[in-house]
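Throughout, a chain's letter reflects where its sequence line sits, starting with A, and its residues are numbered from 1.
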Amino acid sequence: MSITKEKIHEILLRATEIREHILEMTCRAKSGHPGGSMSMSDIISTLYFYWLKINPKDPSWEDRDYFVLAKGHAAPALYATLAMKGYFPLEQLKTLRQLGSDLQGHPDKHSLSGVEMSTGSLGQGLSVMVGMALALKHDQKTNRVYGLLGDGECQEGQVWEAAMAAAHFHLDNLCIFIDKNGLQIDGATKDVMNIDPLTDKFTSFGWAVFTIDGHNIHEIVSTLEQADRVMDKPVAIIADTVKGKGITFMEHQVCYHGAPITDEQLVKAKAELHVTKGTYL
Amino acid sequence: MTSVAPRDYYGKALVELGKVDPNVFVLDADLSSSTKTGLFAKAFPNRFFNAGIAEQNCIGMAAGLANMGKTVFASSFAMFISGRAWEQIRNTVAYTKLNVKVVATHAGVTVGEDGGTHQAIEDLAIMRPIPSLNVLVPADAIEAAQMVHVMAAEYGPFYLRMSRGASPLVFEGTDYQFKLGKSEVIRQGGDVTIVACGIMVDIALRAAQTLQKQKINVRVINLSSIKPIDEAVLIAAARETGAIVTAEEHSVIGGMGSAVAEVIVKNAPVPMEMLGVEGVFGESGKPDELLEKHHLTVEGLIAKVNLVLARK
């Protein structure tokens with residue numbers, strides 16, 4: 001693995017900035033989904049600030065890699081990342097969820113540069129990724145499709161229709177993360193509707209499966225490198241994550257799935273993020 | 001008049017299209033031998049994907065291919081592709097304005113022996129309200145084939161429904177050409193208008209011939225572009241004939257008749273009657289027996305015309 005310690009620190013610093021934007025955006029909007037946006041921040045930071053072949057100056061570059069956020073409710077994480085990459089001005093983040101804003105509650109590909117697919121209705125994103133990967137294969141292109149699903153999302157039957165198809169069509173140009181933060185609106189995923197053993201499920205569906213700590217940049221990068229070398233099969237990276245990761249009082253709390261923190265809490269949260277940032281500078 | 005199942009010409013048109021347009025892809029959900037997409041699969045195996053018995057994923061994959069710039073046709077029976085995959089069509093295809101043409105076969109009661117579980121009589125009602133989605137019903141196999149080419153040329157999502165069986169070629173030997181958003185008067189008349197779609201167009205023409213003997217001049221409109229709808233041709237018919245009967249192989253709730261009523265009540269209210277399936281499920285039987293049972297016949301249509309004329 002060739003990634004330097006400095007690069008890992010940069011990814012972590014960007015992830016912290018993403019979290020700060022998520023909290024500010026949802027706090028200002030007085031709605032949105034901070035918890036599941038923060039659990040995936042380290043993954044999306046690694047993808048956009050290190051791994052994906054993309055060019056924000058040329059968003060429709062033919063040879064780019066594609067990223068589809070299947071769990072569209074984590075839009076704040078995607079929006080913050082895209083703005084930080086320069087797809088649109090950071091200032092626009094302030095308009096999240098407001099009438100007339102390009103930053104819809106769930107991503108709309110037609111309103112915002114860098115959004116590869118409109119998502120939001122859970123369970124549908126993986127099928128779209130399969131279609132995109134099929135198109136790339138047909139066109140003999142080497143760019144790849146990456147995606148991220150929620151763990152609760154895997155309760156949707158369509159995810160398994162798509163999982164079957166991805167293996168059936170030998171889509172080794174498709175790599176997905178499962179943001180396994182263990183919580184969904186109504187409670188713990190294992191209590192609401194158990195999805196485990198997730199690794200066994202994807203394996204039996206014909207996927208190459210890796211299980212990692214979704215907040216360990218080193219592990220994320222080395223797994224992406226291994227995923228690149230997998231032949232003939234799609235790859236699922238099951239990332240154990242913490243909902244609300246990065247802010248002590250938000251971690252593992254189901255209440256921040258679909259509700260923002262208060263203005264007072266934001267001050268406290270930003271202070272904690274400031275300390276975190278310091279460790280990466 | 002020659003009779004052909006619209007799906008036969010649909011399959012052939014896909015092959016013609018595939019020959020001239022390498023960007024066309026076709027998907028099916030294990031019914032390619034029935035929907036006739038199998039013809040395309042045989043001609044262009046690299047551009048055909050079978051989703052298996054998984055309509056939701058079929059539509060999702062179609063969306064993914066379209067998201068990469070492909071023109072995609074996705075087919076299955078009307079019941080399953082419109083019903084099972086409704087939200088996929090709504091959110092992933094239409095909301096995202098992707099270039100996916102959902103083409104449903106085996107719509108309506110003429111599915112026949114398979115019975116009520118397989119007879120979609122609600123698909124127009126659930127597809128019409130979806131923004132950005134165009135909704136088409138060909139009157140015969142010739143129009144079905146024309147629609148394939150029109151859909152390919154027109155960017156955006158479509159839902160097209162056709163019935164299972166062979167039906168008379170209404171447009172055989174004519175120079176008719178389907179245009180999106182246009183509906184043609186295919187028979188002139190000034191006393192009453194029948195607005196029909198699908199297999200009911202031929203029945204409407206025959207009812208009009210019979211009524212002619214009673215000196216009732218019936219105008220017949222083929223409303224094959226359900227959405228966008230040709231308001232002008234409907235308003236003119238209401239104003240000039242003063243009475244409208246709609247005829248469709250679909251529920252009278254929310255279907256083509258309702259689409260016509262939405263135009264008429266706003267612009268030129270006249271007495272209307274609707275012929276269709278009266279809020280009940282289908283059942284097993286021979287297609288003709290089922291059409292008879294639901295009065296989707298020349299006699300049934302004439303009865304509606306007489307009703308509306310009495311109200312005129």
Colleague: In terms of heavy-atom pairs under 4.5 Å, which option from B/Asn46, B/Val72, B/Ile59, B/Thr92 contacts chain A the most?
Modeller: B/Thr92
Colleague: So, A/Asp139 and B/Lys70, do they make that salt bridge, N to O below 4.0 Å?
Modeller: yes
Colleague: If you count the non-hydrogen atoms of other residues, nucleotides and ligands that lie under 6.0 Å from NZ in B/Lys19, is the total more than 12?
Modeller: no
Colleague: I'd like to check A/Gln124 versus B/Glu87 (side-chain heavy atoms, cut-off strictly below 4.5 Å). Are they in contact?
Modeller: yes
Colleague: Are more than 12 heavy atoms, taken from residues, nucleotides or ligands other than A/Lys137, located less than 6.0 Å from that residue's NZ atom?
Modeller: yes
Colleague: Apply side-chain contact (heavy atoms from CB on, under 4.5 Å) to residues B/Leu65 and A/Met132 and explain how you reach the verdict.
Modeller: CA-CA 5 Å; B/Leu65 283 154; A/Met132 292 167 72; over 6 Å; no
Colleague: About how many Å separate CG of B/Asn67 and OH of A/Tyr66, when rounded to the nearest 0.5 Å?
Modeller: 8.0 Å
Colleague: Would one find more than 12 heavy atoms of other residues, nucleotides or ligands at under 6.0 Å from atom CZ of B/Arg84?
Modeller: no
Colleague: State the CD-CD distance between B/Gln88 and A/Glu161, to the nearest 0.5 angstrom.
Modeller: 8.0 Å
Colleague: Does some side-chain heavy atom of A/His110 sit less than 4.5 Å from a side-chain heavy atom of B/Tyr95?
Modeller: no
Colleague: Measure the spacing between CG of A/Leu136 and CE of B/Met68 and express it to the nearest 0.5 Å.
Modeller: 3.5 Å
Colleague: List the atom of A/Ser121, the atom of B/Asn91, and the distance in Å for their closest heavy-atom pair.
Modeller: CB-ND2, 3.6 Å
